[in-house]
There are 2 protein chains.
Amino acid sequence: MVRLTPDERRRQLLGIGLRMFVDKPVQEVSIDAVAAEAGISRGLLFHYFPTKTAYHQAVVAAAGRRFLRNARPDDGATGEVALEQVTRRFIEQIRRRRAFYVALVFGQGPVSIPTPEGEEEFATTLRARLADLVIERCGYAAAARPVVHAWVAYVEDRAIESSADASNVEVTALVAHCTRALEALQETPTQRPRVPLP
Amino acid sequence: MVRLTPDERRRQLLGIGLRMFVDKPVQEVSIDAVAAEAGISRGLLFHYFPTKTAYHQAVVAAAGRRFLRNARPDDGATGEVALEQVTRRFIEQIRRRRAFYVALVFGQGPVSIPTPEGEEEFATTLRARLADLVIERCGYAAAARPVVHAWVAYVEDRAIESSADASNVEVTALVAHCTRALEALQETPTQRPRVPLP
DNA sequence: AGTGCTATTGAGCATTGCTCAACAAGACGC
DNA sequence: GCGTCTTGTTGAGCAATGCTCAATAGCACT
């Protein structure tokens, strides 16, 4: 019987979930399997997470936090440089761990990533957090939020679909395309239909 | 005991799943509940779907097929007109049944939508099918497929995030923006990085 | 009416999600 | 070194669940 700090144990369980939910969907991963992997009893898992669904959501949220953290630009960076960094880091991350991303982040719909400490029960999605990041750090207007939010979806799809074996050069080109695309999208008017209706 | 055609029964079960999986995730919807809703025994459900996961996937695929079918342009339409129709129908559909779409299509990652009859085990996602639709019907080059595919993700996000209570006029403006956005994205070069690396 | 086909049932089993009272590992005081 | 307190941890136990399979019952056709 190994006794861990609640924090250590929690982290261990989340880490195991991060591995187990990649190949199998929730309903095919049993609490027993997770507990066995951790070397603990079933009961303990329910001491840390009230329900299996709650555990799964916590794992997914952890995955989202991880991607968000790794996509952050350098502390000094702002404007176009920051945008290039965020875009590159986001894309590279997805490509490096494609299956992981698809299973735990992309395939989970609007999964909440609670902001860490204290802030009043605020929760949101990875796309929303990345959009905030771009708006705050790269100098985009708050009014452009819908465009930025959906642009994240665009970049995400390009990263997922681009085959992971492509060379680094292609990644650079993709990053360049995506940063330019954000400007192009932002400049695309939202007012009049281009094809007048009959 | 009510006896139905296998086809009718299958349709009924898929229809029930289409309703049940909107509010609750897979692991919280029991086969018992589905069977009770259909007025049949648990066993029968396993006669139609070998496993619960298979049933869920079939339901999700059905949802995808539905959206794909409703997004098709008119038979005669081509080019820009077809693009406008596909975009509008896709957006309107998502907005009209937002929760449904998010739960069953968006929140399921790369769910396969098998092409109906005969075709050799080909299966793909809703985004891929919509991309094919745009390429074939709206006159886009096959080389633009990655852009079109990710553009679908962009449109999808705009539709999901735009509040459902907005007026019809705003939808028209959004459709116009999205169709223009596809051109803008297509014209955004993928070759050189805009911000040269140090 | 009889016969064949098959959609459907229902008992049954192993596993699963979840609860809870009891246990034991470490920290602290003495 | 001993006792005590706190709390991370266990394991039995239960109802519900996913799934199997032999038996049944509805329907079409002769």
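Chain identifiers are assigned alphabetically (A, B, ...) following the order of the sequence lines, protein sequences preceding nucleic acid strands; residue numbering begins at 1 within each chain.
If you take CD1 of B:I40 and P of C:dG10, they are 12 Å apart, rounded to a whole angstrom.
The pair B:E37-B:R19 counts as a salt bridge, with a side-chain nitrogen and a carboxylate oxygen less than 4.0 angstrom apart. A salt bridge is defined here as a Lys NZ or Arg NE, NH1 or NH2 lying under 4.0 Å from an Asp or Glu carboxylate O, and A:D74 with A:R89 meets this definition. Comment: A:D132 does not engage A:R137 in a salt bridge, judged by the lack of any side-chain N to carboxylate O separation of less than 4.0 angstrom. Residues A:E156 and A:R127 are paired through a salt bridge, judged by an N-O separation under 4.0 Å between the basic side chain and the carboxylate.
Ring geometry, B:H177 versus B:Y154: the interplanar angle falls from 30° to 60°, so the pair is classed tilted.
Residues from residues 2-23 of chain A placing a heavy atom under 4.0 Å of any atom in DNA chain D, listed by number, are A:V2, A:R3, A:L4, A:P6, A:R9.
Once rounded to the nearest 0.5 Å, the distance linking CD of A:Q27 with OG1 of B:T51 reads 8.5 Å.
The ring pair (Phe, Tyr, Trp, His ring centres under 6.0 Å) pairs that include a residue from residues 86-106 of chain B are B:F67-B:F100, B:F67-B:Y101, where partners are two or more places apart or lie in different chains.
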Reading 5' to 3' through nucleotides 14-23 of chain C, protein heavy-atom contacts under 4.0 Å coded B for base, S for sugar-phosphate only, - for none: --SSBB----
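A:Y55 and A:F49 have their aromatic ring centers within a separation under 6.0 angstrom.
Taking 4.0 angstrom as the limit, A:Y48 places a side-chain polar atom (N or O) nearer than this to OP1 or OP2 of D:dT9.
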